[in-house]
Amino acid sequence: MRRLLLLTLAFLVLSACAAPAEKTEVPPDPPSREDSLPVEPAREEEVPVEEVPSEDHVLLTLDAPLADGRTLRLEAVGKRLDEYSAGVREVRVYDGDELLQTILSREAIEGDWDAGMTEAFYNYTECWSPEESMEALDLNFDGNTDFGLFGWIANNTIPYYCWTWDPETEQYQYAFTLQGAEVRPETGELTAGYKDGPAGSRYVTEVYRPDETGELLLDRVEVETWESTGDSDRPGHEIWLPYEEAGPIRPGGPGLNLEEDFHYFHVEYPVAEVREDGTVFRYTEILDWNQEYGELVLTSREEYVDENES
């Protein structure tokens, strides 16, 4: 009997040793704060001009959505011109894999510059970098993306050769050249801005709006001026309107002559007066055009405080 009990005990011990050990799952480490942060897409680095190939290749590619729902692809093709600049020779317009149009920069350059330049000059635009060589924007607010090419390096604001999309021909048409071209979608206005006057003392902004046919026409000219304003820290503000006799003025037309073809509409003129006690009284004279008298009339004065003075 004792032997039977010993055998039974041995059998139970051997069975317990043969059973597989129960596995204990180890929970994974919680993600670190760095792992939980959103991953930012890699930024496209600007290509230094010296690294741009000296043979024609695609400098820049931009999408151009159209009002009909399609999105065209614009490829600016050009090369490095010298150690300081690159240039665009042509723009290729694709609808998917189909090449719709090839636009030569020469089309705009020849129309904007007099004869007498070297042959190579008319073939390429000139800009600081490939990333700045072309800009896509809706110039006339018809829902179709137009584009501009950085024209040439200037001491003033940058001139752009501009093409607009023609839905009827499904082609881009060269439209005009504008300095500092910008769109104001909130007001439906296209502006061109540049420095003018002695030592750049005036900044002129031409404001264009589409008429009922969609054609861009000059609406007004706004001028910020530090010239003879009486306060060098606060510019004057002028708004000029074209006389009806001047007729419609289109973007990129002949040079504007404010004194001959325009009249004042609104003027804000800063004035600083020193009083007997030495204090400075600053105010803005506001004048508006009076159609009856055909001249500006003082309508109000608004006092202001120079924040730079204690």
Mind checking whether [X] and [Y] have ring centres under 6.0 Å apart?
X      : Y      : result
Trp165 : Phe147 : no
Tyr122 : Trp113 : no
Trp128 : Phe150 : yes
Phe265 : Trp289 : no

Using distance alone, with no hydrogens and no angle criterion, decide if [X] and [Y] have a side-chain donor and acceptor under 3.5 Å apart.
X      : Y      : value
Glu224 : His237 : yes
Glu215 : Thr213 : no
His57  : Glu55  : no
Asp138 : Thr145 : no
Trp240 : Glu222 : no
Asp56  : Tyr124 : yes

Evaluate the side-chain proximity of [Y] to [X]: yes if any heavy-atom separation is below 4.5 Å, no if none is.
X      : Y      : value
Glu260 : Tyr243 : no
Glu285 : Leu287 : yes
Tyr194 : Glu206 : yes
Glu119 : Arg106 : yes

Once you round to the nearest 0.5 Å, how far does [atom1] of [X] lie from [atom2] of [Y]?
X      : Y      : atom1 : atom2 : value
Cys162 : Tyr174 : SG    : OH    : 7.5 Å
Asp196 : Tyr203 : CG    : OH    : 11.5 Å
Cys127 : Ile153 : SG    : CD1   : 7.0 Å
Thr164 : Gln171 : OG1   : CD    : 12.0 Å

Next on the checklist: Could you report the tightest heavy-atom contact between Ala154 and Thr157, atom names first, then the distance?
Outcome noted: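 For Ala154 and Thr157, the tightest heavy-atom pair comes out as CB-O, 4.3 Å.
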Closest non-hydrogen contact found for Asp63 with Ala136 is O-CB, 4.1 Å
Lys/Arg-Asp/Glu bridge criterion (N-O < 4.0 Å) met for Glu189, Arg220:
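Yes.
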- Any sub-3.5 Å donor-acceptor pair from Asn156's side-chain atoms to Lys195's backbone N or O?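 Between the backbone of Lys195 and the side chain of Asn156 there is a qualifying donor-acceptor contact (under 3.5 Å).
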If you group Ile, Leu, Val, Met, Phe, Trp and Tyr by side-chain heavy-atom gaps below 4.5 Å, do Tyr160 and Trp152 land in one group?
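Tyr160 does not cluster with Trp152.
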